[in-house]
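Owing to the predicted nature of the structure, the values given are computational and were not obtained by experimental measurement. If you read the sequence from its start, that first residue is 1, and numbering goes on from there.
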Amino acid sequence: MPNMVILAMFLFLPLILTWVVSFQAATPLGSRGWVGIDNYARLFQDAIFWRVLFNSVVFTALTVPVSIALGLGLAVLLNKSLPGRGLFRTAIYLPIVLSNLVTSLMGLLLFNEGVGVLNNVLRAIGAAGLPWQSNGGLAMISVVLMTIWTRVGFAMVIYLAALQDIPEDLHEAARLDGANSWQQFWYITRPLLAPSTLFLIVMNVIWSFQIFDIIYVMTGGGPGNSTSMLVTYAYDQGFGPARDFGYGSAIGVVLFLLTLIMTAFQLKSPRRVPDRKFHRTHRKGSAPGRAEQLATPPQTTGKIS
């Protein structure tokens with residue numbers, strides 16, 4: 001019961017109020033009355049809104065697959081008995097435990113045009129510094145790189161837990177049937193990691209559409225809205241010079257609906273079980289059919305050794 005009270009106060013009530021305010025002409029001095037769907041109709045005529053929506057889609061398309069793929073690669077590598085693997089795991093996971101403000105300030109220190117570490121290194125070797133803040137493309141690259149760095153550790157830990165729950169009997173059967181390391185990964189490991197991959201896709205898409213800290217600290221949405229996202233644009237409209245709470249709330253509602261639709265679509269997408277090609281290619285000697293018969297999705301315990 002206490003949990004429901006907390007959820008109602010800090011989640012459901014603000015969400016309902018946001019919907020209500022989105023139908024009003026609201027300012028810091030209070031509501032000036034109901035305007036119906038005028039705030040939503042204004043979105044379709046707002047060129048900046050479409051620009052930031054495009055930026056959000058591009059940002060999501062760049063950060064989600066790269067961070068998940070790198071996390072998977074590192075998890076497979078650090079799941080082996082390597083010297084110092086505990087140290088490497090800690091170093092890769094460290095950005096997750098740091099606050100978003102700290103990682104954003106680190107990104108600003110790296111990519112600042114005037115005194116940034118990267119530009120100082122380039123100047124030291126005789127090259128010209130790059131316009132990380134004044135060039136829209138480079139500004140987007142800088143925030144994408146910092147975002148990927150902060151998320152790789154989370155993906156690695158999720159995949160490590162899933163990898164260590166895959167029975168070793170499956171790989172042993174595959175090796176006895178003549179499968180090489182790549183075939184074992186593609187036909188056994190990859191399908192059994194599907195639930196973890198789905199979870200990471202959903203979480204990363206939500207995080208990408210809700211990105212704020214890194215954008216606000218590193219670029220402020222500039223130059224010329226080239227790195228502004230839906231959240232930063234809603235914030236600027238609601239708490240910037242315009243103080244248009246109604247329009248900012250409408251942008252927030254659209255963001256909520258987009259995130260909800262994409263999450264529902266991903267959860268409804270078919271989940272693949274161990275690939276049926278596994279059995280067919282075994283006839284050609286390229287993958288072990290016996291291992292496929294043993295392959296069943298494991299129950300993840302979350303323990304990492």
Side-chain angles (χ1 to χ4, degrees), residues 10-11 13-15 17-19 21-22 26 28 39 43 46 48-64 66-68 94-112 132-133 136-155 200-263:
F10 296 101
L11 179 61
L13 181 60
L15 183 60
L17 291 176
T18 300
W19 280 81
V21 174
S22 69
N39 286 325
L43 290 173
D46 187 354
I48 299 179
F49 168 76
W50 293 107
R51 174 63 187 273
V52 300
L53 177 59
F54 175 77
N55 290 345
S56 298
V57 173
V58 171
F59 179 83
T60 302
L62 291 174
T63 56
V64 173
V66 175
S67 60
I68 292 177
L94 185 61
I96 296 295
V97 301
L98 298 176
S99 71
N100 290 334
L101 179 60
V102 171
T103 56
S104 302
L105 290 173
M106 292 174 65
L108 185 61
L109 179 64
L110 283 172
F111 292 100
N112 186 275
W132 295 106
Q133 275 81 46
L138 290 176
M140 178 64 79
I141 290 174
S142 68
V143 296
V144 166
L145 291 176
M146 286 304 300
T147 302
I148 291 173
W149 177 65
T150 60
R151 295 183 187 174
V152 166
F154 180 76
L200 287 170
I201 291 175
V202 171
M203 294 303 299
N204 276 274
V205 167
I206 293 174
W207 290 341
S208 291
F209 270 84
Q210 293 179 343
I211 190 71
F212 178 81
D213 309 75
I214 291 179
I215 301 295
Y216 196 76
V217 172
M218 290 184 61
T219 66
N225 294 310
S226 59
T227 58
S228 183
M229 308 292 169
L230 284 171
V231 175
T232 56
Y233 187 51
Y235 176 85
D236 290 338
Q237 291 297 311
F239 300 97
R243 291 291 197 274
D244 192 343
F245 291 168
Y247 190 55
S249 297
I251 298 172
V253 170
V254 171
L255 173 62
F256 170 76
L257 292 176
L258 287 174
T259 306
L260 188 65
I261 291 171
M262 286 186 296
T263 302

Supply the atom-to-atom distance [X] [atom1] to [Y] [atom2], rounded to the nearest 0.5 angstrom.
X	Y	atom1	atom2	answer
Leu43	Asn39	CG	CG	7.5 Å
Leu94	Thr150	CG	OG1	11.5 Å
Trp132	Leu108	CH2	CG	13.0 Å

Practice task
Please lay out, stage by stage, how Val64 and Ile68 fare under the test side chain to side chain contact (heavy atoms under 4.5 Å, CB included).
Solution key: CA-CA 6 Å; Val64 173; Ile68 292 177; 3.9 Å; yes
Residue pairs involving [range] (criterion side-chain hydrogen bond (donor to acceptor under 3.5 Å, both in side chains); sequence neighbours excluded):
range	answer
residues 229-241	Asp46-Tyr233, Ser228-Thr232
residues 209-226	Thr219-Thr227
residues 98-110	none
residues 50-62	Arg51-Asn55

Hey, can you pull the donor-acceptor pairs under 3.5 Å for the side chains in residues 137-148, sequence neighbours left out?
| unit_1 | atom_1 | unit_2 | atom_2 | d |
| --- | --- | --- | --- | --- |
| Ser142 | OG | Ala139 | O | 2.6 |
| Thr147 | OG1 | Val143 | O | 2.7 |

Under the rule for side-chain contact (heavy atoms from CB on, under 4.5 Å), what residues qualify as partners of [X], not counting sequence neighbours?
X	result
Thr259	Ile206, Phe209, Leu255, Thr263
Ile261	none
Leu15	Trp19, Phe256

Handout entry: Gly222 backbone acceptor or donor facing Gln133 side chain under 3.5 Å
Key =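 Between the backbone of Gly222 and the side chain of Gln133 there is no qualifying donor-acceptor contact (under 3.5 Å).
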Exercise for the section: Could you go through the side chain to side chain contact (heavy atoms under 4.5 Å, CB included) check for Ile211 and Val231 one step at a time? Expected result: CA-CA 7 Å; Ile211 190 71; Val231 175; over 6 Å; no
Exercise for the section: Look at the rings of Phe239 and Phe245 and say which category their plane angle falls in: under 30° parallel, 30 to 60° tilted, over 60° perpendicular. Expected result: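 Geometry flag for Phe245 against Phe239: tilted rings.
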Exercise for the section: Output all residues satisfying ring pair (Phe, Tyr, Trp, His ring centres under 6.0 Å) with Phe49, sequence neighbours left out; order by chain, then residue number. Expected result: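 Ring pair (Phe, Tyr, Trp, His ring centres under 6.0 Å) check on Phe49 returns nothing, list empty.
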Handout entry: By salt bridge (charged side-chain N to carboxylate O under 4.0 Å, His left out) - contacts of Asp244 (at least two apart)
Key =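 Counting only residues at least two positions away or on another chain, Asp244 forms a salt bridge (charged side-chain N to carboxylate O under 4.0 Å, His left out) with Arg42.
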Practice task
Would you list the pairs meeting salt bridge (charged side-chain N to carboxylate O under 4.0 Å, His left out) in which at least one residue belongs to residues 96-111, sequence neighbours left out?
Solution key: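 Applying salt bridge (charged side-chain N to carboxylate O under 4.0 Å, His left out) to every pair that reaches into residues 96-111, excluding sequence neighbours, yields nothing.
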Practice task
Check side-chain hydrogen bond (donor to acceptor under 3.5 Å, both in side chains) between Thr63 and all other residues, then give those that pass, not counting sequence neighbours.
Solution key: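 For Thr63 the side-chain hydrogen bond (donor to acceptor under 3.5 Å, both in side chains) partners, ignoring immediate neighbours, are Ser208.
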